[in-house]
Amino acid sequence: MNAGTASAFVIANMIGTGVFTSLGFQLLTTANPISIALIWLIGGFVALCGAIVYSELGAAMPRSGGEYHYLSQIYHPAVGFLSGWTSLIVGFSAPIALSCMALSSYVCNIWPVIPPKLFAMIMLTVITLFHAFSVKVGANIQNVLTIVKVLVIVVFILAGLYVSADGVAAGNFQTMGDFSIGDMFTAGFAVSLIWVYYAYSGWNAAAYIANDIKHPRKNIPLALMGSTLFTIVLYLGLNMIFLRTTPISEMSGQIEIGLISARHIFGAEGGEMMGLLIAVMLVSSISSMVFVGPRVATTMGEDHRILRGLTRKNPSGCPYVAIWAQWLLSGVMVLTGAFQEITQYTSVVLSLCALLTVVGVIRHRRKFPNAERPYRTLLYPVPALLFGIIISWSIIYMLYTDFCQYLDGQHLLPWTTLLSLGTLLFGYVVYLLSQQLSQQH
């Protein structure tokens with residue numbers, strides 16, 4: 001695939017459930033428009049810092065697998081395996097499940113006769129079938145869906161600017177004067193930033209499919225940085241339209257923010273039509289992750305005998321075993337998981353892997369001083385250090401909050417911490433078994 005198709009996968013990975021669901025949870029802790037705009041800008045800045053660094057790593061190590069491949073080279077194969085294991089178990093399966101749940105929530109809100117979990121499973125299965133059939137078909141479908149996605153967002157923003165919503169805007173924006181720099185250091189700001197960082201997840205998608213990209217040393221940086229900048233602009237514009245057209249009281253704590261806002265902009269019938277178009281956009285996100293995720297599993301299977309079965313491909317080149325394994329994991333999460341719990345759980349482990357990778361560019365330069373680097377990190381090492389500081393703060397805050405909720409009796413156990421540690425521990429056991437198996441042959 002060329003840089004355009006690679007960019008389509010990055011944009012589709014980024015623009016998914018997050019931007020159409022995060023604002024509802026942010027409004028539970030902060031309702032100041034300036035704070036919200038800053039949160040989306042900071043989240044975008046963090047993603048851009050990560051994309052800048054990944055561009056160097058991707059150009060220097062152009063092989064599919066993302067963090068799995070990078071961390072194996074930078075630190076140790078065990079570290080890379082744990083990262084790949086995380087991607088295999090939750091990195092893509094969980095976001096796919098979340099997108100399917102959000103998709104079913106939108107559609108079933110319009111047509112309540114459809115059982116949400118059944119609809120989510122049907123969509124997951126249909127999309128998986130397409131990508132298990134042919135690489136070319138899957139890529140072409142992705143291009144079309146991404147174009148539709150971008151057009152829908154642009155139309156949504158323009159319509160939101162055109163519609164008369166002065167009364168709503170005045171009510172929502174009346175707290176702007178109350179903003180102070182101290183608001184950025186509150187618990188509410190930190191929680192909202194976590195939700196926003198989840199919305200930006202996927203900025204590194206091109207790194208996972210390097211083997212499928214033509215001229216990866218040139219096209220990976222183009223896809224990563226260009227797509228991230230483009231998405232920042234769309235995200236900021238879309239959230240300001242939500243706040244301009246829809247009362248905060250109606251959005252606070254809700255998942256279907258896009259549908260709620262669309263009803264205010266386009267009316268009841270037009271809003272439902274936009275709700276269906278938003279659902280099509282979520283199909284694009286699911287499709288992108290269904291394509292990208294198995295490439296990590298396939299790369300791991302090439303290196304580790306215990307996962308060798310995941311490398312099997314059909315005549316058209318699709319890693320069908322890895323694709324259906326991902327379908328199974330996502331399906332289990334759709335049938336058993338809760339939206340907010342899954343997001344918190346995946347945020348910790350995925351943020352940790354991204355943190356090690358981005359900061360790892362410093363070690364990579366020292367370990368491989370003579371490596372070919374077609375692209376070098378802009379303002380090195382500033383982006384890596386800023387990314388490391390902000391993501392470390394987010395991880396610590398998430399774990400701290402998890403323990404506080406446990407101590408306050410809100411949860412029986414600190415589930416986010418235990419599930420994160422359990423995923424890594426189980427992955428390490430699998431790695432040791434893989435090493436023993438390799439030694440026996």
Side-chain angles (χ1 to χ4, degrees), residues 1-23 40 43-44 47 51 92 95-96 98-107 110 120 123-124 126-128 130-131 137-161 196 198-206 208-209 223-224 226-242 255-262 265-266 270-293:
M1 65 179 70
N2 55 28
T5 302
S7 297
F9 276 103
V10 176
I11 292 171
N13 262 268
M14 293 179 73
I15 305 176
T17 56
V19 71
F20 289 103
T21 56
S22 296
L23 183 60
W40 285 98
F92 290 95
I96 288 171
L98 288 170
S99 294
C100 288
M101 291 161 65
L103 171 61
S104 66
S105 179
Y106 269 93
V107 174
I110 297 171
M123 291 305 304
L124 173 62
V126 170
I127 294 168
T128 301
F130 276 113
H131 287 291
V137 170
N140 289 337
I141 290 173
Q142 190 59 57
N143 282 333
V144 173
L145 289 173
T146 303
I147 291 171
V148 171
K149 169 180 284 190
V150 172
L151 287 175
V152 170
I153 292 179
V154 171
V155 169
F156 203 106
I157 292 173
L158 293 177
L161 290 172
V196 167
Y198 161 71
Y200 278 106
S201 63
W203 52 263
N204 53 356
Y208 295 105
I209 54 176
L224 287 171
S227 300
T228 302
L229 284 169
F230 181 71
T231 303
I232 291 172
V233 175
L234 290 184
Y235 274 9
L236 188 61
L238 192 58
N239 277 277
M240 291 303 101
I241 290 301
F242 289 157
I255 293 179
E256 306 92 349
I257 297 299
L259 177 59
I260 296 169
S261 183
I265 296 173
F266 301 98
E272 291 189 356
M273 181 61 69
M274 285 301 297
L276 290 176
L277 289 174
I278 291 171
V280 172
M281 294 171 57
L282 295 177
V283 171
S284 170
S285 300
I286 299 167
S287 171
S288 177
M289 290 183 285
V290 167
F291 180 94
V292 173

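We number each residue from 1, following the sequence as shown. Computation of the quantities below employed the complete heavy-atom set of this structure, encompassing side-chain atoms and omitting hydrogens, waters and symmetry-equivalent molecules.
- Here the closest non-hydrogen pair linking I265 and G160 is CD1-CA, 3.9 Å.
- Residues forming a side-chain contact (heavy atoms from CB on, under 4.5 Å) with V126 (at least two apart in sequence, or on another chain): I122, F130.
- Closest approach of Y200 to G44, counting heavy atoms only: CE1-N, 3.2 Å.
- Under the 6.0 Å cut-off for aromatic ring centres, F291 and F92 do not qualify, their centroids lying 6.0 Å or more apart.
- Checked options I147, V152, V154; the residue passing with V150 is V154 (criterion: side chain to side chain contact (heavy atoms under 4.5 Å, CB included)).
- Under the rule for a side-chain contact (heavy atoms from CB on, under 4.5 Å), the partners of L236 that lie at least two apart in sequence or sit in another chain are A37, W40, L41.
- Put simply, the side chain of S99 gets close to the backbone of P95: a donor and an acceptor are under 3.5 Å apart.
- Contact record, I127 with S287: CG2-CA, 3.6 Å, taken as the closest heavy-atom pair.
- Under the side-chain contact (heavy atoms from CB on, under 4.5 Å) criterion, L161 pairs with I157, I241, sequence neighbours left out.
- Looking at residues two or more places apart in sequence or on another chain, you find no side chain to side chain donor-acceptor pair (under 3.5 Å) involving S104.
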Next on the checklist: Determine whether S284 and V148 satisfy the following criterion, side chain to side chain contact (heavy atoms under 4.5 Å, CB included), listing intermediate values before the conclusion.
Outcome noted: CA-CA 9 Å; S284 170; V148 171; over 6 Å; no
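- For the side-chain contact (heavy atoms from CB on, under 4.5 Å) test, residues two or more places apart in sequence or in another chain that qualify with S227 are S7, V10, I11.
- Within the 3.5 Å criterion, the main-chain N or O of I257 finds no donor-acceptor partner in the side chain of S261.
- Using the six-membered ring where Trp is involved, F156 and F242 have ring planes that are perpendicular, over 60° apart on the 30 and 60° scheme.
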